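The block underneath contains the structure these notes are about, expressed in structure tokens.
Note on naming: letters A, B, ... go to the chains in the order of the sequence lines (proteins, then strands), and numbering restarts at 1 for each one. Everything numeric here is computed off the predicted structure, so don't read it as measured data.
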There are 2 protein chains.
Amino acid sequence: MAKVDFSPIADTTRRAEIVALLRRAILTGQLEPGQKLNEIRISEQMRVSRAPLREAMRELVQEGILTSIPYAGTFVVDVTAKDIDDAYSLNKVLDEFAIERTWPLRDQRFFDELDQRHEAVKQATRNRDTTRQIETALQLHGLIYEWADNSVLLETWQRLTSRLQMYFALHQQARNEAVPAEDVHETYVSLLKGADMRAAQRHAREHIDLDFEELLSYARNLEQRPSKGD
Amino acid sequence: MAKVDFSPIADTTRRAEIVALLRRAILTGQLEPGQKLNEIRISEQMRVSRAPLREAMRELVQEGILTSIPYAGTFVVDVTAKDIDDAYSLNKVLDEFAIERTWPLRDQRFFDELDQRHEAVKQATRNRDTTRQIETALQLHGLIYEWADNSVLLETWQRLTSRLQMYFALHQQARNEAVPAEDVHETYVSLLKGADMRAAQRHAREHIDLDFEELLSYARNLEQRPSKGD
DNA sequence: TCTTGTTAGATTGTCGACAATCTGATTGTC
DNA sequence: GACAATCAGATTGTCGACAATCTAACAAGA
């Protein structure tokens, strides 16, 4: 038998595709926080019945990026500054843990993947593709979670990121100035390749410090904004 | 106007009730890991159509206690020894964080609630109600998460617990010996009331150590067991 | 004017039926 | 007997229609 690593075949249900479509729309900011999702309209636009759409929505509710009020509707979550602050402080703890677990498991494949994802961020930055820049930056950051060999930790991280990605996207969208072209991940990557674990942990803290601080000030300004209706 | 704190009225959809029913059945071990959930049979038993049942199932899939394979079925998750180990090690980290955050927020209401939950565990123990004993013990442990004032942390803990509760229940069910009558939470509670935060953190680690070690050895024995069909 | 009751429209929740897919048994062929 | 093709039954996925509920506008009464 040939030694081929067959990846799992794609999900073939409408539901799965709807989930992907909706998630993308939310995480890129096409659907704004607080906005209501009208089932009939969306199902007509997607040429799908309401059943799979509703099931998809239930998934995203549990994923934490939608919230549902019985007989009232399903809405994009309205993340508060406190939510971001909470996620941020938890992220610090998880980062330390992830680095600690990943540390002894680092190998050539890890370093290669690290470089590859770093390259993806740099390319997105060059192309001024802000959405992709956020996406790739989070993927770069997520490598330590994927490598830590702890499924529960990884799952936790993924739930955390989706909401963060959404808010980073809105943030970028709001300040329509050019994104910093310099490479802020250089130190992070090289530290992960180095020998000083404590230094890497320390830097990871300060690294996300920067991103979050800006995000937080943005969120605090939005706090008194009225929520978007339908 | 009278000063009454009205709590939110109960969810009135069938879906919500189905979720509660299924969750309870899984977490108490009535539905075994690996078991398949036949939609038609369950919907007939509950006198409900498949639509709300399926939506409920999608929620529980995202909650991590069910897994779904398209066109094959939805099954109770088959937790491995590694999953428990992963959850266990993450729990250590989260416990430390939760205690740290809760520490400055402790007040009389916290201590009262602590005693109340502790009492609930002791009562369940006296009554030899193992299911309730697990439930109350986890609720006691969960207080530091509820009090930490961090919604993301709390959410993470709740996801973690549901799977743990399920496995603790199966474990208790398997070894049909009497549950230890002595009170293992006495020290934990008194440390949370004390002044030494580090000591409380240290004990929380060792405390869950005990529970998990036994659970792990049980899970490792089960590892080669064939998965339950329908 | 303010409050309360009513009602029409829109939207969500639920249902029963049909389509797509899978599984296992059966048949046919070598 | 081993293997592939076929087929029937069961189960999941999807659909369109109906029931339950909410919202907002309007009317009636204090």
Side-chain angles (χ1 to χ4, degrees), chain A residues 1 6 8-23 25-26 31-32 34-62 65-78 226-230, chain B residues 1-2 6 8-23 26 31-32 34-62 65-78 226-230:
Chain A
M1 178 153 34
F6 289 110
I9 64 170
D11 287 336
T12 50
T13 60
R14 299 200 196 298
R15 184 180 70 237
E17 288 189 42
I18 297 171
V19 166
L21 268 176
L22 282 181
R23 187 191 288 122
I26 296 166
L31 289 169
E32 296 178 33
Q35 189 171 347
K36 177 174 176 178
L37 279 70
N38 185 311
E39 296 179 1
I40 296 173
R41 188 181 318 161
I42 296 179
S43 68
E44 280 172 356
Q45 286 180 1
M46 292 188 178
R47 304 286 178 82
V48 167
S49 86
R50 284 173 56 222
L53 172 63
R54 283 174 58 86
E55 291 186 19
M57 282 172 151
R58 296 302 153 255
E59 291 190 21
L60 295 176
V61 166
Q62 286 311 104
I65 61 181
L66 288 182
T67 98
S68 163
I69 302 174
Y71 289 108
T74 306
F75 309 81
V76 179
V77 287
D78 215 342
S227 56
K228 292 272 173 178
D230 176 349
Chain B
M1 176 146 43
F6 288 111
I9 64 170
D11 287 337
T12 51
T13 60
R14 300 199 196 295
R15 185 181 70 237
E17 288 190 41
I18 296 171
V19 167
L21 268 175
L22 282 181
R23 187 190 288 121
I26 296 166
L31 290 170
E32 296 177 33
Q35 189 171 348
K36 177 173 176 179
L37 277 70
N38 185 309
E39 296 178 2
I40 297 173
R41 188 181 317 161
I42 295 179
S43 67
E44 281 172 353
Q45 286 181 0
M46 291 188 179
R47 305 286 179 81
V48 168
S49 87
R50 283 173 56 222
L53 172 63
R54 283 173 59 85
E55 291 186 19
M57 282 171 149
R58 295 302 154 259
E59 291 191 22
L60 294 176
V61 166
Q62 287 309 104
I65 61 180
L66 289 182
T67 99
S68 162
I69 304 173
Y71 291 108
T74 306
F75 309 81
V76 179
V77 286
D78 216 342
S227 57
K228 293 272 171 179
D230 176 350

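Atom CD of A:Glu39 and atom P of C:dT14 are 11 Å apart (whole Å). Here the C1' atom of nucleotide D:dA10 and the CD1 atom of B:Ile40 are 7 Å apart, to the nearest Å. Rounded to whole angstrom, the span from the CG atom of B:Leu53 across to the C1' atom of D:dG13 amounts to 13 Å. Regarding B:Met57, its CE atom lies at a distance of 11 Å from the C1' atom of D:dT11, rounded to whole Å. Taking atom CD of B:Glu55 as the reference point, atom P of C:dT14 lies 7 Å away to the nearest angstrom. A:Arg15 has its CZ atom 7 Å from the P atom of D:dT14, to the nearest Å. Atom-to-atom, NZ of B:Lys36 to P of D:dA10 comes out at 13 Å; the value is rounded to the nearest Å. When rounded to the nearest whole Å, the span between CZ of B:Arg54 and P of C:dG13 equals 17 Å.
Nearest heavy atoms, B:Pro70 versus A:Thr13: CB-CG2, 3.9 Å. Minimum heavy-atom separation, A:Met57 to A:Leu66: O-CD1, 4.1 Å.
B:Arg15 has its side chain within reach of A:Ser68: a pair of non-hydrogen atoms, C-beta onward, lies under 4.5 Å apart. Residues A:Glu32 and A:Val76 form no side-chain contact, since every pair of their non-hydrogen atoms from C-beta on lies 4.5 Å or further apart.
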Could you go through B:Gln45 and B:Arg41, starting from their C-alpha distance and side-chain angles, then the distance that decides it, and tell me whether this counts as side-chain contact (heavy atoms from CB on, under 4.5 Å)? CA-CA 6 Å; B:Gln45 286 181 0; B:Arg41 188 181 317 161; 3.8 Å; yes
Could you walk me through whether A:Glu39 and A:Leu53 pass the side-chain contact (heavy atoms from CB on, under 4.5 Å) check? CA-CA 7 Å; A:Glu39 296 179 1; A:Leu53 172 63; 4.3 Å; yes
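No engagement by A:Ile18 is indicated, since no non-hydrogen atom pair under 4.0 Å with the nucleic acid exists.
Nucleotide C:dC30 forms a pair with D:dG1, judged by Watson-Crick or G-U wobble geometry with both contacts under 3.5 Å.
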Table of protein N/O atoms under 3.5 Å from nucleotides 15-23 of chain C N/O atoms:
unit_1, atom_1, unit_2, atom_2, d
C:dC15, OP1, B:Arg14, NE, 3.2
C:dC15, OP2, B:Ser49, N, 2.7
C:dC15, OP2, B:Ser49, OG, 3.0

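Here the CG atom belonging to A:Leu22 is positioned 6.5 Å from the CG atom belonging to A:Leu37, to the nearest 0.5 angstrom.
In this structure, B:Arg58 reaches the D:dG13 phosphate: one of its side-chain N or O atoms is under 4.0 Å from OP1 or OP2.
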